[in-house]
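Residue indices begin at 1 and follow the sequence shown.
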Amino acid sequence: MSYLEKLLDGVEVEWLPLGEVTKYEQPTKYLVQSTNYSDDFEIPVLTAGKTFILGYTDEIDGIYQASDNPVIIFDDFTTAHKWVDFDFKPKSSAMKMISSADESRTLSKYIYYWLNTLPSELVDGDHKRQWISNYANKKIPIPCPENPKKSLQIQSKIVTILDGFAELTAELTAELTARKKQYTYYREQLLSFEDGEVQRSTLGEIGEFIRGGGLQKKDFTETGVGCIHYGQIYTHYGTYTNKTKTYVSKEFFKKARKAKSGDLVIATTSENDEDVCKAVAWLGSEEIAVSSDACIYRHSLNPKYVSYFFQTEQFQKQKRQYITGTKVRRVSVDNLAKIQIPVPSLAEQERIVAILDKFDSLTNSISEGLPREIALRQQQYAYYRDLLFSFPKPAEV
């Protein structure tokens, strides 16, 4: 007998339209008026999407008191939703605040966890509002509806179990955030040197830049020789790699611009200032093809040391003065060559890299460290969530 069967103990389950067991409120009177956000302010400004907390405002009127009445925030266009139990101001008029129509019969948190079981139905380009036209009609399982006391007991047990998984994930996520701040701090400290402590050279003085070639996504093949497209540097690669995500044919590779082991591959264009000049050190044993809108930096330093340097504020500060363009932001190879880098001994470079590699694995690795732990906990949560909501469904549901 499954845990759910023991929990239900033969009681009836009724599937009711979500609109019958919930109520919603429009955000109009709570909307934030100014985008002058600051971490010095107290009230968070929320979106139901991935970003969640957009910033903090000093506005004191029209605050939604979720600390007294926790609520589900629901994006009416994307169907993204979050559970909120602290006071806030919403950013978008598309957000709905959803709660139980009667907390003595159906728990809001139970509704929230059940919403998490629904697959995404978002269609690209679809701008219709979802709550009234779609989600309010979805059927939610309510155990023993004729006995509210027992129904709440069953709902509470389900919520308590899933809260446990959510709290563990939140703790791990908070630890990851703290470790990332620690990582950033030590990276800045380790790569900062007093004047005269080490030699400082321009990137052009100690290496050469080679522009990428005409590699496009249409040139990718299932197998062949490795390649890095500039767009992948933002989305797929970290500080270094010895494997490529994509390949090109041997024939294409013959005429391609190539990176050797130890070279940096740098994205020279982006839609934002933060990503332009993002770099990855190529550590594979074979040469790889590199696309245009990227360049290859060939040098005699520790490749990871250079890649870590590209992440520091001292690099970013120098880079910003050379960014050009409006919609597409770019830094030219000639200007990249003007950026100064501290050049300690190779032994010191290796010492710095060894320390930063440990932080990098802890905060970014999907095969070890905190990201892996968080992914495992999320998988575990999803498994038990779906199991706990696997009520028998009538044919019409």
Side-chain angles (χ1 to χ4, degrees), residues 179-212 228 230-241 259 262-283 290 293-325 328-361 363-364:
R179 291 293 173 266
K180 284 185 174 181
K181 288 181 179 179
Q182 190 180 37
Y183 174 26
T184 299
Y185 171 81
Y186 279 108
R187 187 180 62 216
E188 297 298 325
Q189 293 297 310
L190 288 166
L191 286 159
S192 297
F193 299 89
E194 299 291 335
D195 289 342
E197 186 179 357
V198 299
Q199 173 189 340
R200 293 180 185 274
S201 301
T202 65
L203 294 172
E205 288 172 337
I206 57 174
E208 64 171 324
F209 289 93
I210 303 164
R211 289 179 174 84
I228 291 181
Y230 82 97
Q232 297 167 343
I233 301 175
Y234 316 133
T235 59
H236 181 74
Y237 295 108
T239 305
Y240 52 88
T241 186
D263 290 348
L264 249 65
V265 182
I266 306 163
T268 52
T269 66
S270 173
E271 294 181 355
N272 60 73
D273 290 4
E274 181 182 358
D275 282 342
V276 68
C277 293
K278 190 173 185 297
V280 55
W282 170 243
L283 303 181
V290 175
D293 287 326
C295 70
I296 300 156
Y297 181 54
R298 191 157 294 158
H299 55 89
S300 58
L301 305 180
N302 183 303
K304 289 185 181 180
Y305 174 83
V306 185
S307 193
Y308 281 126
F309 169 74
F310 269 58
Q311 298 169 14
T312 63
E313 179 55 30
Q314 60 176 305
F315 172 82
Q316 299 298 323
K317 187 176 180 179
Q318 294 183 75
K319 173 194 81 175
R320 289 183 196 112
Q321 64 182 311
Y322 297 124
I323 297 176
T324 60
V328 176
R329 308 290 277 166
R330 67 177 65 247
V331 174
S332 71
V333 165
D334 291 340
N335 283 327
L336 261 176
K338 299 174 185 177
I339 291 177
Q340 288 193 333
I341 181 174
V343 187
S345 68
L346 282 173
E348 179 63 8
Q349 292 175 41
E350 290 173 2
R351 185 187 75 86
I352 291 169
V353 164
I355 295 170
L356 294 180
D357 277 355
K358 292 178 181 178
F359 278 108
D360 191 69
S361 293
T363 57
N364 294 315

Check your understanding: Heavy-atom distance under 4.5 Å between the side chains of Arg351 and Leu190, does that happen here?
Key -> yes

Exercise for review: Verify side chain to side chain contact (heavy atoms under 4.5 Å, CB included) between Asp293 and Arg330, making sure each step is shown before the conclusion.
Suggested key: CA-CA 9 Å; Asp293 287 326; Arg330 67 177 65 247; 3.9 Å; yes

**Study point:** Worked verdict on Leu336 versus Ile339 for side chain to side chain contact (heavy atoms under 4.5 Å, CB included)
**Key:** CA-CA 6 Å; Leu336 261 176; Ile339 291 177; 4.0 Å; yes

Exercise for review: Look at the rings of Phe359 and Tyr186 and say which category their plane angle falls in: under 30° parallel, 30 to 60° tilted, over 60° perpendicular.
Suggested key: parallel

Exercise for review: Answer yes or no: is there a side-chain heavy-atom contact under 4.5 Å between Phe193 and Arg200?
Suggested key: yes

Exercise for review: Can you sort out the partners of Tyr322 under ring-ring contact (aromatic ring centres under 6.0 Å, His included), two or more places apart, ordered by chain and number?
Suggested key: none

Exercise for review: Taking the side chain as every heavy atom from C-beta outward, state whether Val265 and Asp263 have any pair of such atoms under 4.5 Å apart.
Suggested key: no

Check your understanding: About how many Å separate NZ of Lys180 and CG of Asp360, when rounded to the nearest 0.5 Å?
Key -> 10.5 Å

Point to revise | Smallest separation among heavy atoms of Ile206 and Ser201, with atom names | key: CG2-CB, 3.7 Å

Review point. So Leu346 and Gln349, side chain to side chain contact (heavy atoms under 4.5 Å, CB included) or not? Walk me through it.
Key: CA-CA 5 Å; Leu346 282 173; Gln349 292 175 41; 3.7 Å; yes

Review point. Should the pair Arg320-Glu313 be classified as a salt bridge under the 4.0 Å nitrogen-to-oxygen rule?
Key: yes

Check your understanding: Who passes ring-ring contact (aromatic ring centres under 6.0 Å, His included) against Tyr297, sequence neighbours left out?
Key -> Phe209, His299

Review point. Quick one: OG1 on Thr235 to NZ on Lys278, what's the gap to the nearest 0.5 Å?
Key: 8.5 Å

Practice item. Using side chain to side chain contact (heavy atoms under 4.5 Å, CB included) as the criterion, list what pairs up with Lys181, not counting sequence neighbours. Key: Thr177

Point to revise | Asn335 vs Thr324 side-chain heavy atoms within contact, under 4.5 Å | key: no

**Study point:** With Phe309 via ring-ring contact (aromatic ring centres under 6.0 Å, His included) - residues at least two apart
**Key:** Phe315

Exercise for review: Go through the structure and list residues passing side chain to side chain contact (heavy atoms under 4.5 Å, CB included) with Ser192, not counting sequence neighbours.
Suggested key: Gln314

Check your understanding: If you measure from CG on Leu203 to CD1 on Ile266, what distance do you get to the nearest 0.5 Å?
Key -> 7.5 Å

Exercise for review: Grab the two heavy atoms, one from Ala281 and one from Pro303, that are nearest each other, plus how far apart they are.
Suggested key: CB-O, 3.8 Å

Review point. Under the side chain to side chain contact (heavy atoms under 4.5 Å, CB included) test, which residues partner Asn272, sequence neighbours left out?
Key: Ser270, Glu274, Asp275

Check your understanding: Closest approach of Ala279 and Phe310, non-hydrogen atoms and distance?
Key -> CB-CD2, 3.7 Å

**Study point:** Heavy-atom closest contact (Gln318 atom, Gln340 atom, distance)
**Key:** OE1-N, 2.8 Å

Check your understanding: Taking Arg187 for the side chain and Tyr183 for the main chain, is one N or O donor matched with an acceptor at less than 3.5 Å?
Key -> no

Exercise for review: Nearest 0.5 Å please: distance from the OG atom of Ser332 over to the CD1 atom of Ile323.
Suggested key: 11.5 Å

Review point. For Ser345, does its backbone N or O pair with a side-chain atom of Glu348 as donor and acceptor, under 3.5 Å?
Key: no

**Study point:** Tyr230 vs Thr268 side-chain heavy atoms within contact, under 4.5 Å
**Key:** no

Practice item. Verify the neighbour count for atom CD of Glu188: are there more than 12 heavy atoms of other residues, nucleotides or ligands below 6.0 Å? Key: yes

Review point. Minimum heavy-atom separation for Tyr305 to Pro344, with atom names?
Key: OH-CD, 3.1 Å

Review point. Roughly how far apart are Ile210 CD1 and Arg298 CZ, rounded to 0.5 Å?
Key: 3.5 Å

Exercise for review: Would you give the length of the straight line joining atom OG1 of Thr241 to atom CD1 of Ile233, rounded to the nearest 0.5 angstrom?
Suggested key: 11.0 Å

Check your understanding: Does Lys304 reach the side chain of Tyr308, with side-chain heavy atoms less than 4.5 Å apart?
Key -> yes

Point to revise | Nearest atoms (heavy-atom pairs only) where Pro342 meets Leu191 | key: CG-O, 3.7 Å

